[in-house]
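Following: one structure in structure tokens, then a few remarks.
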Amino acid sequence: MTLKQQTTQAMVLDAISRAALTLDRADDAQAGLQQLLNEFRRTLLQTNGQQSTSVLYQGRVMSYLLQHPANYPATVDTLTAVLAQFVSQQSRDN
């Protein structure tokens, strides 16, 4: 029997924080992503993790990464995976 772990808002916030903290502010692309992630974290807290907020920022983060290719730390990959699972889980739950 396999247990499927639920991705929580706290897990998403943790992934956002870890990714933001490991970005290099001296790199323009990474500094821009850090600013976007800080905005995402604030908005997620203000909206209490509403699905629309998660979907919006998932799109914004993915779009940013595609438009600004750089050598991002592994925490950014972790964030995109956690965020994708969270959004998918929210859409199944609703």
Side-chain angles (χ1 to χ4, degrees):
M1 180 173 172
T2 319
L3 292 177
K4 197 169 191 180
Q5 181 180 1
Q6 289 283 95
T7 304
T8 64
Q9 180 181 338
M11 294 167 76
V12 173
L13 288 167
D14 181 63
I16 293 169
S17 296
R18 288 175 190 272
L21 288 171
T22 58
L23 292 169
D24 180 5
R25 285 190 277 171
D27 180 301
D28 288 341
Q30 291 191 31
L33 180 59
Q34 186 178 52
Q35 185 176 357
L36 177 61
L37 293 179
N38 288 333
E39 178 186 319
F40 181 17
R41 181 176 46 237
R42 268 191 315 276
T43 305
L44 194 62
L45 288 168
Q46 289 171 349
T47 62
N48 199 25
Q50 285 182 339
Q51 182 181 3
S52 58
T53 301
S54 302
V55 171
L56 172 68
Y57 277 95
Q58 180 189 29
R60 289 185 68 188
V61 168
M62 296 310 293
S63 178
Y64 187 92
L65 293 173
L66 290 172
Q67 291 176 19
H68 301 88
N71 188 18
Y72 295 104
T75 54
V76 174
D77 291 334
T78 302
L79 168 62
T80 59
V82 168
L83 187 54
Q85 184 171 346
F86 185 65
V87 168
S88 173
Q89 179 181 297
Q90 281 185 317
S91 63
R92 280 194 312 265
D93 292 348
N94 289 336

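Residues take their numbers from the sequence shown, with the count starting at 1.
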- Task: Go through R60 and E39 one step at a time and tell me if the side-chain contact (heavy atoms from CB on, under 4.5 Å) criterion holds.
- Result: CA-CA 11 Å; R60 289 185 68 188; E39 178 186 319; 2.7 Å; yes
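- One finds the CG atom of N38 at 4.5 Å from the CZ atom of R41 (value rounded to the nearest 0.5 Å).
- Here the closest non-hydrogen pair linking T80 and M62 is CG2-SD, 3.7 Å.
- Formation of a donor-acceptor pair under 3.5 Å by the Q30 side chain with backbone atoms of N71 is found in this model.
- Looking at T22, I16, L23 one by one, the single match for side-chain contact (heavy atoms from CB on, under 4.5 Å) with T75 turns out to be T22.
- Hydrophobic cluster membership is shared by L13 and L33, with clusters built from Ile, Leu, Val, Met, Phe, Trp and Tyr side chains linked at under 4.5 angstrom.
- L45 is connected to L83 through a chain of hydrophobic side-chain contacts under 4.5 Å among Ile, Leu, Val, Met, Phe, Trp and Tyr, so both are in one cluster.
- Both L56 and F40 belong to a single network of hydrophobic side chains, linked directly or stepwise wherever heavy atoms of I, L, V, M, F, W or Y lie under 4.5 Å apart.
- The two residues Q90 and G49 have their closest heavy-atom pair at NE2-O, 2.9 Å.
- Enclosure of atom CZ in R18 is not indicated, since only 12 or fewer non-hydrogen atoms of other residues, nucleotides or ligands lie within 6.0 angstrom.
- For the atom pair CD (Q34) and CG (L21), the distance works out to 7.5 Å, reported to the nearest 0.5 Å.
- Cluster annotation: L44 and Y64 are assigned to the same hydrophobic cluster (Ile/Leu/Val/Met/Phe/Trp/Tyr, side-chain heavy-atom contacts under 4.5 Å, transitive).
- Side chain of Q89 to main chain of T7: a donor-acceptor pair is present (N/O by atom type, distance under 3.5 Å, no hydrogens or angles).
- For the pair L37 and A20, the tightest heavy-atom approach, listed with the atom from each and the gap, is CD1-N, 3.9 Å.
- Taking 4.5 Å as the limit, some side-chain heavy atom of P73 sits within range of a side-chain heavy atom of V76.
- When atom types are taken as modelled, the side chain of Q58 and the backbone of F86 share no donor-acceptor pair closer than 3.5 angstrom.
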- Hey, mind stepping through M11 and D14 against side-chain contact (heavy atoms from CB on, under 4.5 Å) and telling me if it holds? CA-CA 5 Å; M11 294 167 76; D14 181 63; 5.6 Å; no
